[in-house]
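We name chains A, B, ... by the order of the sequence lines, and we start the count at 1 in each one.
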Amino acid sequence: MRYRALSDVRVVDLTHFIAGPYATKLLADMGADVIKVEPPFGEGGRKLGPHRADVEDRGGLFAFLNLNKRGVTINLKHQRGRELLAGLLDGADLLIENFVPGTLAALGLAPDELIAKFPRLSIVSISNFGQDGVERDGKLNDLVLFARGGWTFPVGEPDREPLTPPGSLAQYVAALYGAVAAMQALAARDLGLGHGQHIDVSILEATVATMIYETVTFQYTGIVRSRAGKRFAVGPFLIATLKCKDGYAGLHCVTDKQFEGLCDLMGRRELASDPRFNSALNRMLNNDALLEIVEAFFIGRERKWLYREGQRRAIPLVPIPRVTEVLEWEQTRARNYFETIDDPVLGRIRVPGTPLRLTSHRAEASRPAPRLGEHNREIFGDRLGLTDAEIDSLKKAGTI
Amino acid sequence: MKSIFDGKLRVLDISMGWAGPLVGQMFVEMGADVIKVEDTHHFDWWRGSLSMAPPEMQPIERAAVFNTANRGKRGVTLDLASARGIEILKRLIEVSDILVENFSPGVMDRLGLGYEAVSAINPRLIMISMPSFGSDGPECNARGYGNTVEAMAGVTGLTGYHDSDGQRYTLSNALGDPVGGLHGVFALMVALRERERTGLGQLIELAQVESLIPFVADAIVDFQFTGKVPAARGNRHREHAPHGIYRCAGDDNWIALACETDDQWRSLASALGLERQAGDKRFANESARKANEDALDAELSRAIAPLSADDCVARLRDAGVLVAPVNSAAAVMADPQIQSREYFVAIDRAVVGTHLYPGAVARLPDTPLRADAPAPLLGEHNRQVFAEILGMSDDDIAGLERIGVIGSTPRQHRVA
């Protein structure tokens, strides 16, 4: 889904894989004019899974992450290619990239020089470790990033190896910081600075930023949180993923009121005044005993029943759905959250819609992710004024 | 221009927990004047419980999470159950640019602070509502916090060991909260830009669960392509092996490592002295290693167990393998890269003293973000804010204190 709130913002998008493309997707969904610039062989993210059988060169994630963007190809190793890029940057507000630090400079496109040449341009660089620092050039993947950033250590069974979070969650977090930074650069420029700046976002720092529970809490308490199995942690609360009759349920019981509700739900109102559990502090000290009681109750109940009866008592208690159930959840259906896109290669797919609902605009249907070089003629012709013959010869030379 | 807003933007933050307060905190980073409004009865629940320590210990001023998510805000209290409290809040709304709330749907309307009411007071106001599951729809009244939002977004359903019986785990950071907050900041920046053009504010609705679902888009699309429910893979990878977490010498020390190519596997084997295993047919290429991953993991576990994590990480890094220690919070703060970029900032906060807090993530050289001011005590800035912004006299303020509309002493929740 797409709004038109940022229709006056021009973005040149040199990103690849996930962290960069999700940042530019956020801008594109808000109506920014995002031109995705790829090398003539395509960015690596085109091949990320999941794949439809027999389609290797366009994965499902690419089709989602690049909605609402137009796509051109440019070989930046060619002098003529860099001139084309400069043409796109002329009049652009943002250049967003997530190359290994130093890549732009090595191509003769050093950020500071670009900003000197195009003073209204801001450049957002998203990289694994940031643009400087002693380990700037290290390697990362999701497993290693989660581990290093502190997300993994406190998750899993105490007597087993720590358990990594699924997927590429932290890449998306970094993307958000990148998209916010892009808007910050525009605000600074337009509120008085008058010119653009080069912004540095480290994926590792974005990952660490979401761990305030840990980094600050341990300094206050001196206690390093360790794995607490099905519990989020052992604390003055019961936050846990508990087995029930037909799956798992997620319980978040923190306040006195929620605890009283939980006792009522279990038909054990006397527990609320039990000296083991009658205050947050006591619930922390006797957390194991509390867990045991609640577990024994949950195992005999169905998810739906727990959800209904828990919520009736204002307890944040939910069934734990599989992703397939998220797609069919009546709440997302009623809110028309998922959007059915008609991808030119992959066909009809239901994808998450934009989570931002502005009231100033009506949401429109998304434009599918571009095929490789799909908008070469349109962009190079209309925006840069190249003739068809010039475009053909660039193609022949491998520049586009 | 020292910061993006140089104090010229005012944000009224009446939210609690993490998602909403993070929005306000990130506007503090940009130089906005952010006023956090609490109620002496219903103070921000992230301050924790009064029962955690005796009153003289000021337990609700000792919550690390609250003290992080509310840095640099000015703190005031207002009894929102009283007509006088609502009236004062409306006067603050009149002179604010942004209003952040994350109550359950319907609460703002009941307080007389629905969008229609507040925009009538101040048409330039941008209001953001951040309910867990949306402000409409059949489940909109369900209660949700970071972890429950994470579950309903499908994340928890994917978080489990590869060989488990189905047990699922919640993430360590209540991810639904910061992700909701970050989307909220982004949306507000978009709306502010629009306001420059149109002169008008607007209502933004952000269902926190909807902001997290895109993070598992791959699993959602995978199911549509294959018809199979994606399994929890634990520390393993769809294609690559080895890809896991292995115990090192000492107490609860672990490393995470991954090989994405055969070359990386061979250099890992040589760095750990596993020449025999490197020549083993079962591990000769990626598909063989994937097929024999249990045996492979057993070999690696044996080889890594006697090594220190530092030694192991250094050897494997030199060998070009993807590797990192599995860092505890303390180790994260000692990470050489984190330290060399001075990511954490020291802040001296009343009651608790000086600690290191996570800094602003984006580095904007010409308008640096600042995250180095302390979180307010309950009602700390009542006098300052009500006098400076609303022109109240000392007598007015003392009168409000006397009738309990404002205050700085936490009180037990009223019994309904």
Flag, side chain of B:Gln167 to backbone of A:Leu242, donor-acceptor distance under 3.5 Å: no

Structural part of B:Thr156 lying under 4.5 Å from a heavy atom of chain A: both

Max heavy-atom pair count under 4.5 Å with chain B, selected residue of A:Val9, A:Val323, A:Asp200: A:Asp200

Contacting region of B:Arg197 [heavy-atom separation from chain A under 4.5 Å]: side chain

Any donor-acceptor N/O pair, A:Gln219 side chain to B:Leu356 backbone, under 3.5 Å: yes

Cation over ring face, A:Arg160 and B:Tyr161, 6.0 Å, 45°: yes

Proximal component of A:Tyr22, with respect to chain B [non-hydrogen, under 4.5 Å]: side chain

Side chain / backbone / both / neither for A:Pro158 at chain B, heavy atoms under 4.5 Å: neither

A:Glu135 side-chain N/O to B:Gln337 backbone N/O, donor-acceptor pair under 3.5 Å: no

Chain B contact via A:Ile239 - side chain, backbone, both or neither, heavy atoms under 4.5 Å: side chain

Structural part of A:Leu140 lying under 4.5 Å from a heavy atom of chain B: backbone

Distance flag, aromatic centroids of A:Tyr220 and B:His355, threshold under 6.0 Å: yes

Polar side-chain atom of B:Ser340 near backbone of A:Val134 as donor-acceptor pair, under 3.5 Å: yes

B:Asn327 side chain to A:Arg148 backbone, donor-acceptor under 3.5 Å: yes

Interchain contact, A:Thr332 with chain B, by part (heavy-atom threshold 4.5 Å): side chain

Check: B:Tyr145/A:Gln258 side-chain N/O donor and acceptor closer than 3.5 Å: yes

Part of A:Ile18 lying under 4.5 Å from any heavy atom of chain B: neither

Main-chain N/O of A:Gly353 paired with B:Glu210 side-chain donor or acceptor, under 3.5 Å: no

List, one per line, each side-chain donor-acceptor pair under 3.5 Å for residues 163-188 of chain A, sequence neighbours excluded.
unit_1	atom_1	unit_2	atom_2	d
A:Ser168	OG	A:Asp142	OD2	2.7
A:Gln171	NE2	A:Asp142	OD1	3.3

Pairing of B:Glu260 and A:Lys139 as salt bridge, 4.0 angstrom limit: no

Pair B:Glu139-A:Arg335, salt bridge (charged side-chain N to carboxylate O under 4.0 Å, His left out): steps then yes or no: CA-CA 10 Å; B:Glu139 304 298 314; A:Arg335 286 169 56 79; over 6 Å; no

Heavy-atom proximity to chain A below 4.5 Å, by part of B:Ile128: neither

Pair A:Glu205 + B:Arg341: basic N to acidic O under 4.0 Å: yes

Per-residue contact mode, A:Leu61 against chain B (heavy atom under 4.5 angstrom): side chain

Donor-acceptor pair, side chain of A:Arg225 and main chain of B:Ser172, under 3.5 angstrom: yes

Segment of A:Phe338 engaging chain B (4.5 angstrom heavy-atom cut-off): side chain

Exam field: side chain B:Gln202 to backbone A:Ser360, donor-acceptor pair closer than 3.5 Å: yes

